[in-house]
**Student:** 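Pasting a structure below so you can have a look.
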Amino acid sequence: MGLRLFNTLSSRLEDFTPLNDNKVGIYTCGMTVQGPPHIGHIRAALNRDVLVRWLRYLGYEVISVENFTDVDDKIIQKQKEYKLDWRIIAQGNIEKYLWACDQLNIERATVYPRASQHIEEIIDLVQSLVDKGYAYESEGDVYYRVRNFPRYGRLSKKSIDELVSGARIEPTEHKKDPLDFAVWKSAKSGEPYWLSPWGKGRPGWHIECSAMSMHYLGETFDIHTGGEDLIFPHHENEIAQSEAATGKQFVRYWLHTGWVTLGGEKMAKSTGHFLLIEDLLKEYRPNVVRLYLLKTHYRNQIEFSRERLNEARSAYLRIQTYLHSFKELGDIEKPLMLEEFTQAMNDDLNTSRALGIIYELIKKGYEENDIDIARSVKYYLRTLGFKDEIPEPPFESVMIIIKEVMERLKTEGRTEILDKVKDGFLRIFEDVNQMKDVFPGVVGLILDVRNMLRKEKEYSFADYIRSRLADAGIQIQDININSSTYRLEVR
RNA sequence: GGCGGCAUAGCCAAGUAGCAAGGCGGCGGUCUGCAAAACCGCUAUUCGCCGGUGCAAAUCCGGCUGCCGCCUCCA
């Protein structure tokens, strides 16, 4: 069975078939960039990343578009607040967002259009809505006439009549009906503006996504993703605008990501109740954050919690420990348990189940000591977008440690061991071309010294060496009294 | 108030009709001078509550309870 996705439009799982052969167009509602990204934004981006990766894995050619809404009421407010041009604020937040995405190994979208770069398309779209009678001008604003679009509410499962009670008209607005929403807003003095048939103004929120998505992906395209909170009114309005203008179906599959909550409540910029991704990444490795987020199915709510993140860190460490127990891993063409993994991912991107398969493989890997199992684990981690992490040998630290050890041997008068270390050094350097190749030999030498000390029950010295190596990111495991092995920590 | 979602072990989380994946934690063990390491084993006769359908239900239907969200800016 092929890929099945949960479509918000139908509220059910549907078989996925692209509009054009194997080409898939995806539009993701990115941020309104009046503030820096928090973990909720990143969850949505990560979800898109996993989807795009999986579609490509299945052999589809994907064009992925993710927008930045850089002109809206909020950013204009910030401009006044900070006395900074809105473009500076937008640029700063866009950079932070892309930085965080890169950190998390979220593949870049094919294109990142900004509302302000597509004013022409937006004006054309507004004009076409006016021409068709779906929008009207009123004192420099242009409003979409919701009641003219019978399918309004289909995505969010709302009826127009239910909406009436909640709808309001702000004192600054000139709507004919409280349900109507602005597609073009006239500019007040000091606000950014573009020239339009309705005077100086700027796009309303919603219209930019219709204009940009159709510009890059066509009037009908395959997948539109975003956070659950965008279903209403944002995506509902996008559908209304786009379908009214073209007379065609706008989007075929609507996918929505569940919340990240904090203290049981939804994170939101508007309430100041959120955790910046920048701060989170100071505490947790990107792969740990990815594991934490993928452990729950994308449509479910996730409670943000350090305990959960710490759990993810333990689990991640276990995966890494397993993989790093192989010196040279290599790749595999056809991994084990491929059918199970494929089924899980095809079932609406069930990453939770997919991760379960990875853990099963690791367990089996230890039992059977089969390198193909480790290669399969690596293969699946990559498929899910985890960064390959190969620990850097801490060469400098090791050189400092061996110097310390030699000095201590000297002061304690252990010339016998000291001589062995010197001999060992000569042997290491006899057959080496590059300094970094010396690393395993030097660590081995330190471990030999430690084992000699252990044999003599010089435990405090031995434990000192163990702890110095641990400081440098080298974890020792004693096999027996004569030999020890080590593993490098990923830092 | 209207609409929608969720409720599975100590915690997290898959599973949507046929013996309850997995992770974290905990306990026991192997190894060890010790271990914070590593591995192995154990850890839900039961899926919020009540009733129904059915050979069979966590899974379908009805009711109840609790939590969350949307209806206003929001990923």
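Per chain, numbering begins at 1; letters A, B, ... match sequence-line order. Only this structure's heavy atoms are used, side chains among them; waters, hydrogens and symmetry mates stay out.
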**Student:** Once each nucleotide of nucleotides 38-44 of chain B is scored for protein heavy atoms under 4.0 Å, what B/S/- sequence comes out, 5' to 3'?
**Tutor:** SSSS---
**Student:** Between B/U46 and B/C50, how far apart are the two P atoms, rounded to whole Å?
**Tutor:**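 Pairwise P distance, B/U46 against B/C50, rounds to 13 Å.
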**Student:** Can you check nucleotides 26-30 of chain B for protein contacts, nitrogen or oxygen pairs under 3.5 Å, and list what you find?
**Tutor:**
none

**Student:** Which residue pairs satisfy the salt bridge (Lys or Arg N to Asp or Glu O under 4.0 Å) criterion with at least one member in residues 28-50 of chain A, sequence neighbours excluded?
**Tutor:** A/Arg48-A/Glu66, A/Asp49-A/Arg53, A/Asp49-A/Arg290
**Student:** Scan residues 90-111 of chain A against RNA chain B and write down, sorted by residue number, each residue with any heavy atom closer than 4.0 Å; if none is found, say none.
**Tutor:**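 Those residues whose heavy atoms fall under 4.0 Å from RNA chain B, taken from residues 90-111 of chain A, amount to none.
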**Student:** Under 3.5 Å, which N/O atoms of the protein pair with N/O atoms of nucleotides 6-12 of chain B?
**Tutor:**
| residue | atom | partner | partner atom | Å |
| --- | --- | --- | --- | --- |
| B/C11 | O2' | A/Arg308 | NH1 | 3.3 |
| B/C11 | O2' | A/Arg308 | NH2 | 2.5 |
| B/C12 | O2' | A/Lys295 | NZ | 3.3 |

**Student:** Listed by chain and number, what are the side-chain hydrogen bond (donor to acceptor under 3.5 Å, both in side chains) partners of A/Tyr143, not counting sequence neighbours?
**Tutor:**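 For A/Tyr143 the side-chain hydrogen bond (donor to acceptor under 3.5 Å, both in side chains) partners, ignoring immediate neighbours, are A/Asp141.
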**Student:** For A/Trp54 and A/Asn346, which I'm curious about, is there any donor-acceptor pair between the side chains at under 3.5 Å?
**Tutor:**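 Yes, side-chain donor-acceptor contact under 3.5 Å.
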**Student:** Mind checking what makes ring-ring contact (aromatic ring centres under 6.0 Å, His included) contact with A/Tyr292, not counting sequence neighbours?
**Tutor:**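 A/Tyr292 satisfies ring-ring contact (aromatic ring centres under 6.0 Å, His included) with no other residue.
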**Student:** Can you tell me if A/Tyr97 uses its side chain to pair, donor with acceptor, with the backbone of A/Ile42 under 3.5 Å?
**Tutor:** no
**Student:** Return the stems involving RNA chain B, sorted by first number, where pairs are Watson-Crick (N1-N3 with N6-O4 or O6-N4) or G-U wobble (N1-O2 and O6-N3), both under 3.5 Å, and runs are 3 or more long.
**Tutor:** B:1-7 with B:65-71, B:10-12 with B:22-24, B:25-30 with B:38-43, B:48-52 with B:60-64
**Student:** Give every residue pair that meets the ring pair (Phe, Tyr, Trp, His ring centres under 6.0 Å) criterion with at least one member in residues 351-384 of chain A, sequence neighbours excluded.
**Tutor:** A/Tyr322-A/Tyr366, A/Phe341-A/Tyr380
**Student:** May I ask you to say what A/Gly226 touches in the nucleic acid, namely base, sugar-phosphate or nothing, with a heavy-atom cut-off under 4.0 Å?
**Tutor:**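 Contact class for A/Gly226: sugar-phosphate only.
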**Student:** Which residue pairs pass the salt bridge (Lys or Arg N to Asp or Glu O under 4.0 Å) test when at least one of the two sits in residues 349-361 of chain A, sequence neighbours left out?
**Tutor:**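 Residue pairs passing salt bridge (Lys or Arg N to Asp or Glu O under 4.0 Å), neighbours aside: A/Asp347-A/Arg353.
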**Student:** List the residues meeting ring-ring contact (aromatic ring centres under 6.0 Å, His included) with A/His297, not counting sequence neighbours, and say none if there are none.
**Tutor:** none
**Student:** With 3.5 Å as the limit, what N/O pairs link the protein to nucleotides 15-20 of chain B?
**Tutor:**
| residue | atom | partner | partner atom | Å |
| --- | --- | --- | --- | --- |
| B/G15 | OP1 | A/Asn350 | ND2 | 2.8 |

